[in-house]
Structures are given as structure tokens and as C-alpha cells.
Amino acid sequence: FVILFAQDWTLGLVLLAPAVPLMILCSLFETKYSVVARRAQDQVGDLTTVVEESVLGIRIVKGFGRHRSQAQAFRALSHRLRTTELGKARLLAGIWALITAIPELAIGAALVLGTIQVADGTLSAGTLVAFLSTALALRWPVESIGFLLAMSQESATATDRYFEVMDVAEEPGAAPVREGAPATGPGMVFEGVEFRYPDADPGSPPVLAGIDLHIRPGETLALVGGTGSGKTTLTALVPRLHEVTGGRITLDGEDIATMERSRLRELVSVAFEEPTLFSATVGENVTMGAADADEQQVRRALSVAQADFVHQLPRGLDTEVGEQGLSLSGGQRQRLALARAVVGEPRFLVLDDPLSALDVHTETLVEAALRQVLERTTAVVVAHRPSTVMLADRVALLSGGRIAAVGTHQELLRDNAEYAWLMSGA
Ligand SMILES: Nc1ncnc2c1ncn2[C@@H]1O[C@H](COP(=O)(O)OP(=O)(O)OP(=O)(O)O)[C@@H](O)[C@H]1O
Ligand SMILES: [Mg+2]
């Protein structure tokens, strides 16, 4: 532009004039385009979710003959995405057309004006040619603005999404020790524990409230309660998968909120309702519970969990289990998950209904072996069946997020109607 102005400033102004409307158009385009680009990315997310769920749940989809409705959902979402993408393309085409056409018009105008000046003799033909050649050299950089704008808008929205994830506050590590809180005794102690899921309505009642429990060292407490009463939630609080929203939990007198997460999770072992195995060997899946466990300990854990079937697998402990352990049966997976929980001989053990998928005979065998492990640890075991309750020294009945009663199986059976009702069906 400096060269252009030096050659002929009136013609230079003619060329520069479209810059103002172009800038306004570009900023309008940016605002619109960023909205559409974001929408497209969200819709890609929705579409991926449907695909993922259909693939993971392929057996349910087939079993209930839902393939048509799944395909329809897929089609509807991809149609929506296609519409959005077409809208994006239309916007881009529009701005591109303007960015190409307006400078061309300006060059055309400069040509007409220049020719008149040459005819009037105020401008030499050579200068006009030089001017126009220089102007044409500017064409490509101007045209590529449209393309760059679209690219940078798309990377801006992608970056937004990336930072939405990265900016989520990190889980708090160890909180400072609270002064004045009296030390509690050994074992696992729940003091006025209250919990509310972070995504729950602010006005809704908490899932757990006023939980006071003292599990003495070496004791096993069975947690019994109707479905949805909060048992799984309570067990998840001990390894701090969720943070208590009120009260505190102490292990041997130490508030778990003040412990390093890694140390806490070494102290506490868990087995949850859905036994998740990873795509790795059977041995690796078990030693996940204690990285330094030796062969001997793994064997012992497997025998406690009655998971000796692994020795019959083609490659024993080195057998790879498929994605999510699909090649094993539900009960086999559950026993491996149990072996993983007990392999490190943890001080504290939390088991969420660990025997639900076993037949009665296997269950009896696991219980017999588990009894020895439980003798040496402080444990909370969620139980639905009287046979599992028998593993425990005492029972706590959870009802509507509160501890309704604590006592031995016999006491509760005699004194508590809800407990008797829960146990009688089995
Ligand atoms: N991630 C979550 N977000 C919000 N609410 C949840 C979440 N998980 C569970 N809940 C709610 O908390 C309540 C207790 O659920 P929880 O899983 O602890 O029950 P449970 O006693 O383990 O039941 P079950 O015997 O069926 O396993 C339920 O009402 C459930 O809807
Ligand atoms: Mg549960």
C-alpha cells in the first residue's frame, strides 16, 4: 500500500476504501461463525455418544430389537450435524465471495479511473501498469484472510473446549489439619457424615446425613439397606472418590481429608458392585491392588476369592482378558475384583456387595476364605443376603440415607421390622 500510494495516491485511496466494509463484514462473520463452529463441535460430541453407547450396549440393542431406533437416532443426529456443517459452509462461502469480489471491484474502479487519468495526461501509462501489477500482488494475501479467519475461529472454539476440561479445579489433595477436632479412637470412624452429590439440586435432601459409625479395629461391619438407600455412596466416601460435604471420616484417628490421597488409597482397598477389569493379563489385573505383591500373595488372594479358575485358563495368570474383561463371566470377573481388593492385605477393606454374582456354592466357599481375611482387617461390607451378613460382627441398617439401627444380625432381626423385612425375602 505504501508503494501504491507513492505511485498515485488517488488510485491508492480507491483500493484502500473497501478495507473498511471488509473489516466490518469480517467481524460480523467471526461472531456468527464462532457460534456455528461451537454448535457443530457439540453435535459431533452428541453423535459420538450415541455411537459409543450403541457399540458398548450392542447386546441390549440387539436383544431388544432396538437397532432401528438406534439407527434412527444416529440418522437424526447426523442430519442435524450435516445441517450445521452446511450452514458453516454457507457462511464461509458468503464471506469468501465478498472478500474476493470487493477487492476485484476496487481494482476495476482503479483501472477505469486510471485510464481516465492517462487519457487526461495526468498519469503515465507505465505508472498505471506498475500500479495495477502491484495491486494484483495484494490479491492473494487479502483472499486468504477468509480462509484464515475460518481456521482461527475453529481453533478458537476447539481451544475453548480444551480449556473447559483443563480448567476444572483439581481435586483437593490433603486439607490442612483442623485444629480443635478431638482425636478419635482406632478403627474406622464416621462422625456426623453428610453427603450430597455435587450435581444435586441445592434444595434437595442430602443422600447421606448424620452418619455416626464406629468400626473397631479388626471388626467387620455389614451395611444393609434397601436399594437406593445410599450404601454405594457411603462406601465411595472412604477412599475419597467423593468428598464428604459434612462431618468427617477418620482411619485410626486420622481424618481422611488431611491424608495424601495416595497414602489413603494404599490403606484402603475397594471392590465395587460392577467389577471392572482392564485390558491386561489376569495377573496384572490382580496386582493392581498392590503393585509389589509377589506370586505367593497373588495365589493366596486368588484362593480367597475362589478364583482358582485362572490356573485353568490357557496361559494362567498371563492370560489377557479382553476389553473390560468381556471374555470372562460375570462371576469370574467379580472374583478377580475381589482378589484385587484383598491381595495387598489392606488395613481397611471396603466391599460393595462383592458376592452378588456367585452361585450359592461358590458364595459359601468365598465366604469361608474371606472370613480369614476379614479377621485381620477393619472392613465395611455391603450386603443384601443373610449369608453375606453372617461374615460381619455387627450390622448397620441404612435407611433413607441415615443409620436406622446398629447391632448384631440377631438383634436387628428381632427388633427392627425393616431389617427383618429386608432379610426375609432372601
Ligand atoms: N452420581 C450420582 N449423582 C447423583 N445422585 C446419585 C449418584 N449416584 C447415586 N445417586 C443417588 O444416590 C442415592 C443412593 O444411591 P446408591 O448407589 O448409594 O444406592 P445403593 O444403596 O448402593 O443402592 P443399591 O443397593 O441398588 O446398589 C440414589 O437415590 C441415587 O439416585
Ligand atoms: Mg449400590
Side-chain angles (χ1 to χ4, degrees), residues 49 52-53 56-57 60 165 168-169 171-172 188 190 192-213 215 220-247 249 256 268-277 324 330-331 333-335 337-338 340-341 348-358 363 366 370 379-392 394-406 409 412 416-426:
T49 308
E52 191 184 322
E53 280 178 0
L56 286 179
I60 309 286
V165 175
V168 171
E171 291 185 312
M188 192 191 294
F190 291 75
V193 168
E194 187 199 276
F195 180 72
R196 181 193 292 279
Y197 278 101
D199 52 355
D201 280 342
S204 63
V207 177
L208 296 171
I211 305 285
D212 289 301
L213 282 174
I215 305 150
T220 301
L221 181 86
L223 200 58
V224 176
T227 153
S229 56
K231 304 180 296 295
T232 299
T233 309
L234 185 69
T235 52
L237 294 180
V238 182
R240 268 174 77 196
L241 301 183
H242 299 296
E243 303 281 343
V244 295
T245 47
I249 301 174
I256 59 167
V268 181
S269 250
V270 289
F272 293 111
E273 275 168 303
E274 291 99 29
T276 307
L277 298 184
Q324 300 201 2
R333 270 187 284 159
Q334 204 169 41
R335 280 176 282 162
L338 184 60
R340 172 162 65 200
F348 298 94
L349 191 59
V350 176
L351 302 177
D352 191 358
D353 207 10
L355 311 175
S356 59
L358 305 185
E363 190 192 341
V366 176
L370 197 54
V380 178
V381 180
V382 173
H384 278 120
R385 295 188 263 185
S387 52
T388 321
V389 172
M390 293 306 179
L391 285 172
R394 281 190 306 154
V395 184
L397 175 66
L398 196 60
S399 177
R402 289 172 177 276
I403 299 291
V406 183
H409 177 61
L412 291 191
N416 191 296
E418 187 186 352
Y419 186 75
W421 178 78
L422 278 172
M423 285 292 132
S424 63

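It should be emphasised that the depicted structure is a prediction, and the values quoted were computed from it without experimental measurement. As the structure lists them, so they are numbered: ligands from 1, and atoms in each ligand from 1. Numbers for residues simply follow the sequence, beginning at 1.
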Just to confirm my output: which protein heavy-atom neighbour is closest to atom 5 (N) of ligand 1, and how far is it?
Tyr197 CD1, 3.2 Å
Considering heavy atoms of the protein only, find what lies nearest to atom 26 (O) of ligand 1 and give residue, atom and distance to 0.1 Å.
Thr227 OG1, 2.9 Å
Closest to atom 27 (O) of ligand 1 among protein heavy atoms sits Glu273 OE2, 2.6 Å
Checking Lys231 side chain against Leu223 main chain: does a donor-acceptor pair fall under 3.5 Å?
no
May I ask you to identify the nearest protein heavy atom to atom 17 (O) of ligand 1, giving residue, atom name and distance to one decimal place in Å?
Thr232 CB, 3.5 Å
Show the atoms of ligand 1 that are less than 4.0 angstrom away from any heavy atom in His384.
25 (O)
When distances are taken from atom 16 (P) of ligand 1, the protein heavy atom at minimum range is Thr233 OG1, 3.5 Å
Under 2.8 Å: N/O/S of Thr235 next to the Mg ion (ligand 2):
no
What do you reckon, does Ser229 put a non-hydrogen atom under 4.0 Å from ligand 1?
yes
Ligand 1 contact by Ala200, heavy-atom criterion under 4.0 angstrom
no
Parallel, tilted or perpendicular: which describes the rings of Phe195 and His242, with under 30° parallel and over 60° perpendicular?
tilted
Decide whether an N or O pair under 3.5 Å exists between Gly228 and ligand 1.
yes
Logged contact type for Asp199 with ligand 1, heavy-atom cut-off 4.0 Å, is side chain
N/O to N/O below 3.5 Å, does that happen between Val207 and ligand 1?
no
For atom 25 (O) of ligand 1, the closest protein heavy atom turns out to be Lys231 NZ, 2.7 Å
